[in-house]
Structures are given as structure tokens and as C-alpha cells.
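Following: one structure in C-alpha cells, then a few remarks.
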Amino acid sequence: MADGQAAGGAPNTDNADFPKTFDAAAEEARIARIWDEQNCFRAGANAKKGADSFCIVIPPPNVTGSLHMGHALNNTLQDILTRWRRMQGFDTLWQPGQDHAGIATQMVVERKLAEAGEPGRRELGRKAFLEKVWAWKEESGDTIINQLKRLGASCDWSRNRFTMDPGFHDAVLRVFVGLYKDGLIYRDKRLVNWDPHFETAISDLEVEPVTVQPGSNQGKLWRFRYPLADGLTYRHPVAHDDEGDATDWEERDYLVVATTRPETVLGDTGVAVHPDDERYKDLVGKHAILPIVGRRIPIVADEYADPEKGTGAVKMTPAHDFNDFEVGKRQGLRMINVMTPKAAITLFEDAEFWTDTPFASGPIKAKKSKKDDAAAALRKHCEANRDLLDLWSLDGLDRFEARKRVLAMMEARGLYDGADDNPHEVPHGDRSKVVIEPYLTDQWFVDAATLAKPAIEAVRNGETKFAPQNWEKTYFQWLEHIEPWCVSRQLWWGHQIPVWYGPDGEPFCEATEKEAKAAAKAHYGKSVKLRRDEDVLDTWFSSGLWPMGTLGWPKQTRELTTYYQTDVLITGFDIIFFWVARMMMMGMHFMKDEAGRDVPPFHTVYINSIVTDEEGKKMSKSVGNVLDPLDIVDGCDLETLVAKRRAGVFDAKKADAIEAATRKQFPKGLEPFGADALRFALAALESQGQRALKLSMARVEGSRNFGTKLWNAARFANLNGCAPDPKFKPEAATRTVNKWIVGETARVAAACDEALESYRFNDYAARLYAHTWGVYCDWYLEFAKPLLQGDDPVAQAETRATAAWALEQILKLMHPVSPFITESLWEATAGPAGRKKRLVHADWPSLDAATLADPEADAELGWIVRLIEAVRSVRAEMNVPPSAEAVLVLTAAEPAATARLERNWALVKRLARLASWETAESAPKGSITVALEGAVANLPLADVIDVSAEQARLEKAMAKTRKEADGLTAKLGNEAFLAKAPEEVVEEQRERLAAAEAELEKLSGALMRLAEMA
RNA sequence: GGGCGCGUAGCUCAGUGGGAGAGCACUACGUUGACAUCGUAGGGGUCGCUGGUUCAAUCCCAGCCGCGCCCACCA
């Protein structure tokens, strides 16, 4: 055995010591410590000899992050499966770790430096800054691990991995080099999404569209007139008839173009019109003059221009717009970058800016590296040239300032042609929240389309399955239209790209500098000085290697052989593209089986819900509706909760509103519910149909109450001498109630397995709840009381053993979802025999429902339950005082019915509060009557009976039954039904009709007797 | 524009081609030694609307209405 679990590790507990309540705070801490100290979660702990492996890799949380409700859900589900498989004896590993989270972490550290008034990233320089980040990682990196431990996550913490661990770093570099040498990674100069705040490229996925409303400088479509060059004019239609044919024209010496980003005018290098657009046919091949800049730009014909949209003429800014970039390439338009990395306007970054402008000649052509010279020359030039002064004033302006200035300048020149409100979505950086610019730079790209093919195929042919399955469509849709993946980032925190450049810029991509030097030497024929690429890799590049990298790849470790392919990945839908797809691509490319076939990293991807507040709103700091999982576990007083939520927003007015809402929703703050209750509630609410899991405190409270119920049931059993009996064999139970609970237990165990095998966490929780509370507590323990407290020692002994056994099965079945309270009870109910193993390593129930269920016991107990419920119902409706003990008179009783009652009289007497029972030919006068199978139950309650109330009750019951009978009669009278419905269905309907008719007869008899009384 | 999902009890949601369910909330009664974080009984739903398929539709199909999410685009 891989762990140090010793027999008798759990203390035996005397009855008198059984605590009255479960002290979650103390017990959770104590039990977590024991699990930890005894290495209960080690890879392979509790594995049976030769067992199959079961492995889950955790979605690595950000190293600087802290636990949120999404983590709580995600990890609860992983833990349920892991604990379940571990108890089943699988060779189990839940692999934990954290992600370095490039941008996010760098952002946090930069912000902390700023808050502390320390020098910023640039001032510190790369080395010193990275030291700060590592220091922060060391300081805060364990936070989330400790939080996960509080929830009971049974990861093998000794194997915790970090995406920047040396071994993992090595895997990342090898993958990069491998892909490079396969031609699947390349460097290219093209437009990328540029984040001007972080001054780095980001991937398409890191861009989020934000709708902007019309304002002074956004949310509008502005129109400008671009004068035609060389005195050209053309006839432009200005009026149309109903058919859309032009009826009136005007002579124009300009084109009208429109834009949502006026500042990009400066980078325009053409105007595009559709080749079939009659209006502009004669202008193609001619030129326009770009306002403000005075650049002479060609008018080109390109299908991209849509004659239906706007004026049909589109300004082309190939260096600052993705569509224009493509058109520009097709049409041979120049690409002029007019922005700095901070997205300020620059006229000197790109010497081409001045080409074909009136300012092209003379001193302005000065090299951009000598900007001061150029500025001096420009100033001199400006004295004679007002247009140039205007233009120069734009240099260095922030893009949004420049936008205003350009608008004003257009107006001043009489080239402003109006604007329309145009609320539209503008790309923003998902971290920086600033507007993203398409920006022309050199970056590294992964040929994602090629890698995607096997990743698509693996899901297409079922090697990897999604649950719920419909997420496969989402996965396909993205992968089938995938664009090259920009993986270089102009950041410092991350895996630096393993590329070195020679003096002439020749790249050498190798896993180490030594190898790169050797390659360079071979290339140049001599040793040369190399310069390493400054950029780091996209965080998701390394996350994509998580399953293989954490298990030791590229080394062929025991773990890699044992646990790869991992089993199920549990994650949120928001990272299907970011992460799941990338792991599939990388895994399929690098991992092979003995036969050389690609092996996907997991056979199942389970997509869990997204946790929202009770209104279905995503939990977010800025909305102020966040609930911290640990506040639910430990409780949180109102003032602390309010303060936490206020801290998430900057706007004081908004903070006030959040405070008011919080005070209203949680007037007493949060009660401590314990980790088990939170886990149980999350599991119970996690269903495959719903995308949002609306977390309700009522549900957590209910789950806590469920734990309390279980605790009290165990305490009752314990106080009544129920202790595990090693000699007890469930199949050998003799008493009907014991046979019955054995069968029920086997059924619920099978249901739990079935639910977990199909990832139906809500079914699992619901079945446990219904069985534990509704069957074991409500009925079995009540049935057991007369036997436990009776004077038949044989029955008592069997019942004690059965009660203990059934409880033990509940503890095992419930352990995966609520591990602390069940482990605690496992100790407390150990009895004199003690426990061989802790519950975490106990043998999962393996019960054969087919042999353990006893149909006769089920039928008998079912009948007894219905009788008790019927009597109770009548008593309540007739307002019989609880203390009054009635007499039960059976009429029309079949021998089987009287035998059943005879055998179980002790139970019925107690639970239905009856004094005695007898049979009779006819019902006593003034009886209340209930129809049963094989008998009619009569309660002579003449003194308390309200004739009209009883009449109403019977009539209501009859109406209900008659309605059912009528429906069934109609159905059975339908020839088509008899001919086409399956025989079992027809038979079932016949039986139901017979039962309904028998009941009707009994009820109408009762009604008649009542009428005689009145 | 493309895709996905949801509309079932007052609320939050399960569910199934053949008898409408759970939790919470609600009503009445209850201190019967495991449990008031409880017990017993009860009220409450034309399963969004309209058609179709079927012997049979809350469930399958189509359309519509309402709500939400994702992707793309927006000169």
C-alpha cells in the first residue's frame, strides 16, 4: 500500500462520548490534518493490486489568485470523482498545480509596485522586475492551495506543479523547438491585436468586444470628403426612384468615405470601391488626395467594398485595420504605421508616411532616428505652410485626442460630411480593459489550423467525448475556423522564446543557448555573438502542455506511463478554446501510444456550470455580488462582507448601492455552514442541462441541515447499541425491515454509481439525500425502534448490525461529496471492532441489488408504509388529537393483508398511533374509511367525526380516482391502443384500472354508510 | 450574420414517449428521549404558444413568442 495507513488508526468511541453535534470548524481542521499527515491522497494510495489508473489534472489556478465560487464548484466535482475512484481501489492521481498566468500576474505585480510607490517595471529592468514577481509568487502562491485544502480537495499535494518549474519549462521549450522544426511555428510580420496598455500583442481570444454608445468621440460613423486628384470630377447619383434607379445626379470632385476611427485617416493609403459599382467605375485607377496629410492615394477596385454599405467607397488603412490589411496586400497598397506602441500618433516612426505628400521633398525626409533634426527642419518649414503645422500638431497625441483633432481639422477644411450615431462593439483587452489596436509587428505564430485537424478528429471519432455533448459543436466550430495563433508576448513574466538571432538576424531555435550557439557556428562557419529573442510565450502555450508536462514529459516517468492518458478533464466552458482545444492540439501532436497513434490527453471533457448569484448574474467584483466560498464555510459577519464587496468598486455611489443590497440580502451576514454543506449544495445544483448554477444560501443551509440529520441518525444508532458487526452478512438478514433496508441500500448504491459514471452530480446528491433522509431516517430507523428497544434479543442484535451496516454504506456513498462529516462519523461509529481503514480509503460499496433486494419484503413494507400514511392522513384531516389512540378495524380483509398487519403490528401501532386492531364483517358506524390493497381500513371515530368534512374528503378522493379510471377506461377502449401499444403497457393500464375501480368501490361504500349515519 | 441553450409548483430547478417531481417558501398540527438545523399532514402546475408525427406528447418534429450565452462582423 502506498500510504502509511495503519489498522486501528481511528479511535473507538464509547456511546457516551458521541458528540451531540458536528463541530464543523474543529473537525474539518482535525481531519484535514490527519489526511495530510497520513498521505491519504498520494498517487496510488489505496490502489488495489493491478488496478486501473484514474487521473484528473486540475485546471491550474493562477498562482496569485484566490479561491472563488467557480473554483469551489470545479474542484468539488473533481474531488467527488477522485474520492469515489480511490475508494473503489483505482490507482488514483489528482494532479494539482498552478499557472504562472503571464499578463495577469505581471499586472498584479506592477500594480503592487505602483501602490507601494516603488519603481515601475521599466525602471527596474527585466532582471530586477522578474525577481519581484518570483518573490510575489513565493509569498502568495500557496494561498489558493491552502484554500483548496480547506474545501477538502484530495489532490496529491506532494506533486504540486507550477508552469514555470524547471522541468515544466524544459517541456515548454522542447515543444516550441519541436513545432518550429516541424514548420508549425513561424515568425511573420502581420497585423496583430495590440494592447497599448501592456504594450504587447495578444491573441484573438484575449480580446473582448465592448459596446460603445454614441458620444463626442465614439459610437459614431463619421463621413469625410476625400478630394479627387488631378482635377477629376464624376457624376454621383443623389436621388432614386422606387426601383432604386438613380433619377438625379450631381457633379462631384470628391469621394465620401466613412469611419468609426477618424484618427486612422493618417494611415490611409487608398480608397476601395467594388469593381461592379457603376458609380465609381470611371474613378478606378485614379487618385484621391488624403485630407490633412495631402497624400496621393489610389482608388482601387476590390470585392471587399460593399456597394450597399455607406457610400460604397471605403478608406483603406492597411496598417491599422484587419480587413484593410488583406485588401492592401491584394491591391499592393502601402502599409503605414502611424502609432507608437502606446497608441499615440507618430508621424516619424515610418518614413513612408511622407511619401507622396506635398511635404515629401526637403528636410522632412530626415531620418526618423534624428527626430530632433527633423523637428527643427519641420518648424522652419511650417512657418511657410499652415497645413504642415496642423499635421505636425497631431504628432505624439494620444489616439483619442487625435481623433477629436482630426474631426476638427476636417470641419475646418470643409471636408466633414456629417456623422450618424452608430453604437457598435469595440475590441478591448480582457485584462487591460483598454481599446485594442490592430498593429503591424513581427510576431511568432503557431500554425493552429494544422494542429487542429487531429484535435478535431479525436472528438469527431469519439476518442474524446464532451459531457454535455453539445459542447462538441462549440469546440468544432472554433477549431474549424481557427486562425494562426500569435504566441509571442512583449512581456517579461513567462517562458522566454528559445530563439537566438545571429548578427544578420538569422534565427536559431534550440532548447538551450548552447545548442543555438552550435547551430550558429555550423551556419556561419565560426562562433558569433547571438542575441536572444526578448519575447515570452502566451501563457496558454504552456497551459496547453499541462497533462503531459505535469506527469513528467518529455521524460518517460512512471507517472507519465501510468496516468497518461488522463481520464476526465473538468472545466468551465469559458476556457474550451483557450485551454481544452490547445491541450488537445498539443497532446495529439506530441503523445503517441505503443503503436505510434496520437493519444488525446483525456477521454472525457466534462464542462461544469458557471456559478452565478441567485439572480443568475455572474459573480463579479465590480458588480459587488461575489460570495467567497470560504465565507460560506466559515461564516462572515455582515460588516466584513460589506467591506469586502465595497473594496471591489471604485465608484462611491455604486459602492453604496452594493452595500445596501448586501445588507438587505444578508441582514445577519453569513452563517458558518462548513465545507461539506457547500460541497453538497454545489453538487446537488450541478446538472448537465443548465449552464448557470444559481447558488442559493437556502440550498447550502438545507445541505447543512442534511448533514445534521445524518449526524443525529448516527448518534441514535450509536446510542441504541448499533455498531459494525464484522460477522454481519447483509444477505443473511431475516427480519422483514432489515431485508428491506438492505435492498434499499443496494439500490441507492447502484444509483450512485450510475450517476457518477455518467457525471450526473445532481442525481448522485439527490439519491443520497432521498435515501438517507427519506428512507433510512424517516422509515427504517422508525421501524427499527421497536426491535431495538424490544425484548427479542435475536431481532435486536440483527437490527443493530443492520442499522450499523446500512449507515456505514451511507457514509461511504456520501464520503465523496461531504468528506469531513462522513470521516468524522466513521470514527464516531467505529464501535468495539474499530476501523481497519479510514473512510477515505474504505472499500466502496459493491452490492448486488439483484440478490440483496427482496421483493416480498419490499411489497410488505410498501403496504405498511401506505397504511401508516393513510391513517396519519385521516387523523390529521379529521383533527384527531395526537394523543388519542384509535382502533383500526379491517374489513373485506384478505388473509395476506391481515398476515402483514399481524407481522408488523408493533411498527404500525407506534407510527400510526393506534391502540389495537381487529377485523370485522362490516365497518363500525361512524367510521372513517380508507381503501387499501386487500383490505379496507376503518377508524371508528364517531365522537370526533365531522360528517360533512368526511363526506367532502371521500368525494374528493373519489373524484380523483374516477378521473383516473375514466382516462384508463377510454384508453383501454381504444382499438388502436390495444393493437399498437406494447403488451406490458396495456397490461399495466389494466392493472391500474382494476386498482382504481376497487378503490372506487370501497370509497363509495364508505360514502353510503356515511349517508346512513346522517 | 453563424452557433448554442433555456422557458415545468410562489422561488430555484430536476425529469420522462404511457401514472407531473425535489429543495426552499407557504398552511395546519406537534416538546412521542436521534434530530425544532426537527416531525406529521396539507395546499399549489392547462409542463411558454400554435401546429404536426404517434394508439399515446410535458418529452420527438416544425413554426412562433420571450429570455440568456458564445463566435464573427460592423468602411
Side-chain angles (χ1 to χ4, degrees), chain A residues 18 20-21 204-205 209 221 223 257-261 264 271-272 304-306 309-317 321-324 422-426 468 470-471 473-474 476-478 481 573-574 576-577 610 614 616 618 671 673 677 681 684-685 687-699 701-720 760 762-763 766 769-770 774 777-778 781-782 785 869 872-877 879-883 910-911 913 964 967-968 971 974-982 984-986 988-989 992 996:
Chain A
F18 204 106
K20 247 193 124 132
T21 53
D204 300 348
L205 290 175
L221 189 59
R223 289 187 302 277
V257 299
T259 183
T260 55
R261 296 188 293 154
T264 63
V271 173
Y304 168 70
D306 182 351
K309 273 190 187 168
T311 60
V314 197
K315 67 190 268 304
M316 286 290 122
T317 323
D321 181 283
F322 287 102
N323 290 310
D324 296 3
N422 179 33
H424 61 286
E425 292 188 329
V426 172
N470 54 284
W471 289 108
K473 281 208 170 190
T474 307
F476 290 139
Q477 211 198 336
W478 187 69
H481 300 105
F573 67 82
D574 50 334
I576 289 177
F577 304 147
I610 183 159
E614 293 184 43
K618 203 171 164 177
E671 219 178 310
F673 288 120
L685 289 166
S687 75
Q688 292 197 19
Q690 208 70 15
R691 287 187 180 191
L693 186 161
K694 291 182 195 165
L695 182 68
S696 104
M697 280 305 120
R699 200 69 188 233
E701 187 178 355
S703 302
R704 189 271 319 265
N705 294 351
F706 177 47
T708 305
K709 183 76 182 178
L710 175 66
W711 186 268
N712 282 306
R715 186 162 165 271
F716 168 79
N718 188 275
L719 291 173
N720 282 277
R760 299 171 74 97
N762 58 331
D763 280 357
Y769 187 99
C777 293
D778 286 350
L781 288 185
E782 294 303 328
K785 279 176 184 172
E869 283 180 338
R872 281 173 173 174
S873 179
V874 164
R875 293 178 62 110
E877 281 185 49
N879 292 318
V880 179
S883 51
R910 182 187 181 107
L911 297 180
R913 302 191 66 71
E964 195 191 346
L968 289 164
K971 207 177 211 180
N974 183 342
E975 296 285 340
F977 172 71
L978 296 174
K980 299 196 176 178
E984 318 86 82
V985 173
V986 176
E988 195 190 330
Q989 309 299 313
R992 278 178 51 204

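Here the structure is a predicted model, which means the values were calculated and not measured.
- Nearest-nucleotide assignment on RNA chain B puts the 5′-proximal partner with T708(A), out of T708(A) and A272(A).
- Note on E869(A) versus R872(A): no salt bridge recorded, every NZ/NE/NH1/NH2 to OD/OE distance being 4.0 Å or above.
- Nucleotide rU32(B): unpaired (no Watson-Crick or G-U wobble partner with both distances less than 3.5 Å).
- Summarising the geometry, the separation between CH2 on W471(A) and C1' on rC6(B) is reported as 12 Å, rounded to the nearest angstrom.
- Scanning for ring pair (Phe, Tyr, Trp, His ring centres under 6.0 Å) contacts around F673(A) gives an empty result, with sequence neighbours left out.
- Judged purely by distance below 3.5 Å, without hydrogens or angles, the side chains of K315(A) and T317(A) pair a donor atom with an acceptor atom.
- Across all strands shown, rC59(B) forms no Watson-Crick or G-U wobble pair with both distances under 3.5 Å.
- Distance, F18(A) CZ to rA34(B) C1': 9 Å, rounded to whole Å.
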* In the 5'-to-3' direction, what one-character label does each nucleotide of nucleotides 9-24 of chain B receive under the scheme B = base within less than 4.0 Å of a protein heavy atom, S = sugar-phosphate only, - = no such atom? -> ---SSSS--BB---SS
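- The aromatic rings of W471(A) and F573(A) sit parallel, their planes meeting at an angle under 30°, below the 60° perpendicular limit.
- In this structure, F573(A) places its CZ atom 15 Å from P of rG68(B), rounding to the nearest Å.
- Scanning both residues, V257(A) and V314(A), for their nearest heavy atoms gives CG1-C, 4.3 Å.
- With sequence neighbours excluded, the residues forming a side chain to side chain contact (heavy atoms under 4.5 Å, CB included) with Q989(A) are L968(A), K971(A), L972(A), F977(A), V985(A), R992(A), listed by chain and number.
- Nucleotide rU27(B) is matched to rA41(B) when pairs are restricted to Watson-Crick or G-U wobble geometry with both distances under 3.5 angstrom.
- K473(A) contributes no side-chain N or O that forms a donor-acceptor pair with the base of rC4(B) under 3.5 Å.
- The two residues N762(A) and A684(A) come nearest to each other via the heavy atoms CB-O, 3.3 Å.
- Taking the C1' atoms as reference points, rC59(B) lies 13 Å from rU53(B), given to the whole Å.
- Between D778(A) atom CG and rC35(B) atom P the separation is 15 Å, expressed in whole Å.
- With P as the reference atom, rC71(B) and rU40(B) are 49 Å apart, rounded to whole Å.
- Nucleotide rC67(B) forms a pair with rG5(B), judged by Watson-Crick or G-U wobble geometry with both contacts under 3.5 Å.
- Atom C1' of nucleotide rC73(B) and atom CD of E425(A) are separated by 9 Å, given to the nearest angstrom.
- With hydrogens and angles left out, the side chain of R872(A) and the base of rU40(B) share no donor-acceptor pair within 3.5 Å.
- Annotation: of the two residues near RNA chain B, R913(A) and K315(A), the 5′-most nearest-nucleotide partner is R913(A).
- Between the CG atom of N712(A) and the C1' atom of rU37(B) there is a distance of 9 Å, given to the nearest Å.
- Across all strands shown, rU12(B) forms a Watson-Crick or G-U wobble pair with rA22(B), both key distances being under 3.5 Å.
- Residue side chain Q477(A) does not reach the base of rC70(B) through any donor-acceptor N/O pair under 3.5 Å, judged by distance alone.
- Rounded to an integer number of Å, the gap from NZ of K709(A) to C1' of rC38(B) is 6 Å.
- When all heavy atoms of C777(A) and K709(A) are compared, the closest pair comes out as CB-CE, 3.7 Å.
- As rounded to whole Å, 12 Å separates atom C1' of rC38(B) from atom CZ of R704(A).
- Taking only side-chain nitrogens and oxygens, K309(A) never comes nearer than 4.0 Å to OP1 or OP2 of rC73(B).
- The base of rA34(B) sits with one of its N or O atoms less than 3.5 Å from a complementary donor or acceptor on the side chain of E782(A).
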